[in-house]
Student: 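One structure coming up, written as structure tokens, with questions to follow.
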Amino acid sequence: MLARALDVVFPRRCAGCGDGTWPFCPGCSAALVALGRPWCDRCGRPSRVPVASCRDCPPHPVTSARAPFLFDGPARRAVHRLKFSGWRDVAAAFADAIVACDEIPPVHVVTWVPLARRRLAERGYDQARALAVGLGHRTGLPVARLLRRACSTGPQARRGGAERRAAMRGSFEATRAAPERVVLVDDVLTTGATAAACAEALAAAGARRIHLITAARSFHDPVPTLRVRGGRAYPRTGARPGLWLPGEPPR
Ligand SMILES: [Zn+2]
Ligand SMILES: [Zn+2]
């Protein structure tokens, strides 16, 4: 209710450009790169033909990974608004896109990659938790904290995949016993090092199938089947059939 009332006073703007209509204006909607079939069955990387796994698959024990969007253009800017600019509602827009894009695997609980305490204090909310709660609302699945940060880790940005993974190992621990099937939510999947560290903690606590769901995804190499507008590294192909964004009529 309060959110709606605030909407009237401070109408939400496009999460991509910050100027057009919420959640993504027509220009930003057209520039979103949706990730769809045919793809790698395990990680959802678009592929010319369906494959069971690929070299972009996140490390075990992550069972599978899915994301509605390539981490580029408006999706990248929207994630940054969610993480760094206090646009908490962007989590709801991404949750809508997640449930519209693919079936959520049958799981016992939805949990998330917890933010470091210092960042949580700076930001006021945990963006991955906001995504997980949005997903729980839309699917009816229970949402529960299962993980905490075991120790603070250094900056990750300049580390390579293997190095990053080694650095992340042991950086999360389970807060309690985990059920057998879990959806693990994070904002972005890049190397999978963070997700793998979380999955290891969940597996040690009893989880057997850990499905990673993120708002967006980046890949080591450009995906040949994704045509990108404007000649960037990831040209786009156009809206994915069935992709629906809140506030946008189905196309
Ligand atoms: Zn826009
Ligand atoms: Zn894969």
Side-chain angles (χ1 to χ4, degrees), residues 14-18 20 23-51 53-59 62 64-84 87 90-104 113 127-128 131 134-135 156-157 161 164 184-195 211-246 248 251:
C14 170
C17 62
F24 288 101
C25 72
C28 288
S29 291
L32 283 168
V33 182
L35 303 176
R37 292 184 178 87
W39 59 23
C40 165
D41 191 47
R42 195 172 153 237
C43 81
R45 177 192 160 103
S47 169
R48 289 188 200 286
V49 292
V51 292
S53 64
C54 73
R55 62 185 187 140
D56 254 326
C57 280
V62 177
S64 73
R66 289 291 185 272
F69 302 118
L70 182 69
F71 186 54
D72 188 44
R76 185 187 190 112
R77 290 191 291 274
V79 168
H80 285 167
R81 286 181 209 284
L82 173 65
K83 287 177 77 163
F84 306 119
W87 285 40
V90 172
F94 277 129
D96 280 332
I98 288 166
V99 295
C101 282
D102 197 33
E103 281 174 27
I104 308 296
V113 175
Q127 74 276 357
L131 281 165
L135 212 54
Q156 298 298 310
R164 190 166 163 166
L184 173 65
V185 176
D186 201 4
D187 43 38
V188 181
L189 170 58
T190 49
T191 65
T194 303
H211 303 281
L212 175 66
I213 295 182
T214 58
R217 165 96 193 260
S218 68
F219 298 102
H220 298 133
D221 308 307
V223 179
T225 55
L226 293 177
R227 285 279 183 101
V228 181
R229 198 157 64 154
R232 298 207 42 203
Y234 297 94
R236 66 172 257 109
T237 38
R240 164 174 165 188
L243 175 67
W244 174 87
L245 291 166
E248 291 282 314
R251 287 183 289 184

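FYI, the numbering just counts along the sequence from 1.
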Student: Provide the closest heavy-atom pair for Trp87 versus Cys14 in the form atom of the first, atom of the second, distance.
Tutor: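 Smallest heavy-atom distance, with atoms named: CZ3-O, 3.5 Å.
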Student: What are the two closest non-hydrogen atoms of Pro46 and Leu35, and how far apart are they?
Tutor: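 Heavy atoms only, the tightest pair is CG-CD2, 3.9 Å.
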Student: Taking Arg217 for the side chain and Ala65 for the main chain, is one N or O donor matched with an acceptor at less than 3.5 Å?
Tutor: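 Judged by distance alone, no pair lies under 3.5 Å.
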Student: For the residue pair Leu184 and Ala195, what are the closest heavy atoms and their distance?
Tutor: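 Looks like CD2-O, 3.9 Å.
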Student: With a 4.5 Å limit on heavy-atom distance, are the side chains of Cys25 and Cys17 in contact?
Tutor: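 The answer is yes, as the side chains (C-beta and beyond) meet within the 4.5 Å cut-off.
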Student: For residues Phe94 and Asp187, determine if any side-chain heavy atom of one lies less than 4.5 Å from a side-chain heavy atom of the other.
Tutor: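 They are not in contact (no side-chain heavy atoms under 4.5 Å apart), so the answer is no.
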Student: Let me see the working for Asp221 and Arg55 under side-chain contact (heavy atoms from CB on, under 4.5 Å), right down to the final yes or no.
Tutor: CA-CA 10 Å; Asp221 308 307; Arg55 62 185 187 140; 2.3 Å; yes
Student: Do you know which two heavy atoms are closest between Gln127 and Leu82, and how far apart they sit?
Tutor: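 Reported closest heavy-atom pair: CB-CG, 3.6 Å.
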Student: Using side-chain heavy atoms (C-beta onward) and a distance below 4.5 Å, is Leu32 in contact with Pro74?
Tutor: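 Sidechains of Pro74 and Leu32: in contact.
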Student: Would you mind reporting whether Leu131 and Thr214 have side-chain heavy atoms less than 4.5 Å apart?
Tutor: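 Not in contact.
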Student: Is a donor on one side and an acceptor on the other found under 3.5 Å between the side chain of Arg77 and the backbone of Ala15?
Tutor: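 Not confirmed, Arg77 side chain does not pair with Ala15 backbone.
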Student: Which distance, rounded to the nearest 0.5 Å, do you find between the CZ of Arg37 and the SG of Cys101?
Tutor: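 Reported value, rounded in 0.5 Å steps: 10.5 Å.
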Student: Which heavy atom of Cys54 sits nearest to which heavy atom of Cys43, and what is that distance?
Tutor: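 For Cys54 and Cys43, the tightest heavy-atom pair comes out as SG-SG, 3.6 Å.
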Student: Please find the pair of heavy atoms, one from Phe69 and one from Ala34, that lie closest to each other, and give the distance.
Tutor: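 Of all heavy-atom pairs spanning Phe69 and Ala34, the closest is CD2-CA, 4.2 Å.
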